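Each remark here refers to the structure printed beneath this line.
Residues: numbered from 1 along the sequence shown. The model shown is predicted, which means the values in this text are computed figures rather than measured ones.
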Amino acid sequence: MDMSSNMVLCASNAYNKKYYLNEHFAGLPEAIKEELQIMCVLYTEDVGGVLELVFDEDGNLEFRTSYEENDFFYDEIGSVLKIKQYQNVKRELLESLETYYRIVFLGEGLDEEE
């Protein structure tokens, strides 16, 4: 598998009411998988559109949003506010996921000083 590009951790889609967790992350603890699902689904229920949590090539976890052109219900301001809220409230979870990704998928060592 090519690790030089981005990898989707999970996504939620308000249009088809679906949630997706990348099968490469099936080994995560159930509580973390549930927390990710709740976070993503609540986002798309509140804001609309599509939310993806994506690891970039350096292992940083990014929130990526999109919406259909004629979606007049999508809340752009709410989107920015909700993502900022998640980044603050879920900081420990998000940082842990980045560390997990860097070790498991990018092969970074634990012995490196932060």
Side-chain angles (χ1 to χ4, degrees):
M1 179 170 26
D2 179 18
M3 289 297 157
S4 63
S5 60
N6 299 324
M7 181 183 282
V8 174
L9 167 61
C10 58
S12 183
N13 185 322
Y15 304 114
N16 61 16
K17 302 285 189 215
K18 294 213 169 153
Y19 171 77
Y20 164 79
L21 176 69
N22 187 328
E23 63 194 28
H24 294 298
F25 297 96
L28 286 171
E30 282 304 315
I32 290 175
K33 291 193 283 191
E34 287 173 14
E35 197 168 349
L36 286 169
Q37 182 173 1
I38 291 167
M39 187 171 71
C40 289
V41 171
L42 281 178
Y43 171 93
T44 53
E45 289 292 316
D46 289 349
V47 176
V50 177
L51 173 67
E52 294 179 307
L53 271 58
V54 181
F55 289 103
D56 69 14
E57 55 274 353
D58 296 321
N60 300 307
L61 190 55
E62 301 174 354
F63 288 76
R64 296 196 183 158
T65 62
S66 60
Y67 58 95
E68 293 179 358
E69 191 176 333
N70 296 326
D71 184 355
F72 301 110
F73 296 106
Y74 181 77
D75 182 358
E76 285 187 66
I77 295 168
S79 170
V80 171
L81 295 173
K82 185 148 284 297
I83 288 171
K84 284 185 188 295
Q85 175 191 359
Y86 284 159
Q87 288 170 330
N88 287 328
V89 174
K90 304 286 188 186
R91 175 170 293 155
E92 197 172 302
L93 169 68
L94 300 173
E95 288 174 354
S96 297
L97 287 165
E98 288 178 341
T99 301
Y100 172 85
Y101 182 80
R102 288 181 179 132
I103 292 168
V104 173
F105 293 94
L106 299 181
E108 293 182 11
L110 285 173
D111 53 6
E112 294 176 320
E113 290 294 320
E114 290 197 1

**Asked** What residues form a side chain to side chain donor-acceptor pair (under 3.5 Å) with N16, not counting sequence neighbours?
**Response** none
**Prompt:** Do Q37 and E34 have side chains that get closer than 4.5 Å, going by heavy atoms?
**Reply:** no
**Request:** Kindly indicate whether the side chain of Y74, heavy atoms from C-beta on, has any atom under 4.5 Å from the side chain of T65.
**Result:** yes
**Item:** Heavy-atom donor-acceptor pair, R102 side chain to D58 backbone, under 3.5 Å
**Value:** yes
**Message:** Can you tell me which residue among L53, V54, L97, N22 is in a side chain to side chain contact (heavy atoms under 4.5 Å, CB included) with C10?
**Reply:** L53
**Item:** Main-chain N/O of A11 paired to E52 side chain as donor or acceptor, under 3.5 Å
**Value:** no
**Message:** In this structure, would Y67 and Y20 fall into the same cluster of hydrophobic residues linked by side-chain contacts under 4.5 Å?
**Reply:** no
**Request:** Just do the side-chain contact (heavy atoms from CB on, under 4.5 Å) check on F63 and S79 with the steps written out, would you?
**Result:** CA-CA 10 Å; F63 288 76; S79 170; over 6 Å; no
**Prompt:** Are L42 and I83 joined in one hydrophobic group, where the rule is that I, L, V, M, F, W and Y side chains link up if heavy atoms are under 4.5 Å apart?
**Reply:** yes
**Item:** Verdict with reasoning, L9 to L21, per side-chain contact (heavy atoms from CB on, under 4.5 Å)
**Value:** CA-CA 6 Å; L9 167 61; L21 176 69; 4.3 Å; yes
**Message:** Can you confirm whether N6 sits close enough to R64 that some side-chain heavy atom of one is under 4.5 Å from a side-chain heavy atom of the other?
**Reply:** yes
**Item:** Aromatic plane relationship, F25 with F105 - under 30° parallel, 30 to 60° tilted, over 60° perpendicular
**Value:** tilted
**Asked** Counting only N and O atoms by type, is there a donor-acceptor contact under 3.5 Å from the side chain of Y100 to the main-chain atoms of L28?
**Response** no
**Asked** Can you tell me if T44 and Y19 form a side-chain donor-acceptor pair at under 3.5 Å?
**Response** no
**Message:** Donor-acceptor check, side chain of Y86 to backbone of M39, threshold 3.5 angstrom: yes or no?
**Reply:** yes
**Prompt:** Got a sec, which residues hit side chain to side chain donor-acceptor pair (under 3.5 Å) with K90, two or more places apart in sequence or on another chain?
**Reply:** E35
**Prompt:** Under a single-linkage rule joining Ile, Leu, Val, Met, Phe, Trp and Tyr whose side-chain heavy atoms are separated by less than 4.5 Å, which residues share a cluster with L81?
**Reply:** I77
**ILVMFWY network linking V89 to I38, side-chain heavy atoms under 4.5 angstrom** = no
**Prompt:** Are V80 and L94 linked, directly or through other ILVMFWY residues, by side chains that come within less than 4.5 angstrom of each other?
**Reply:** no
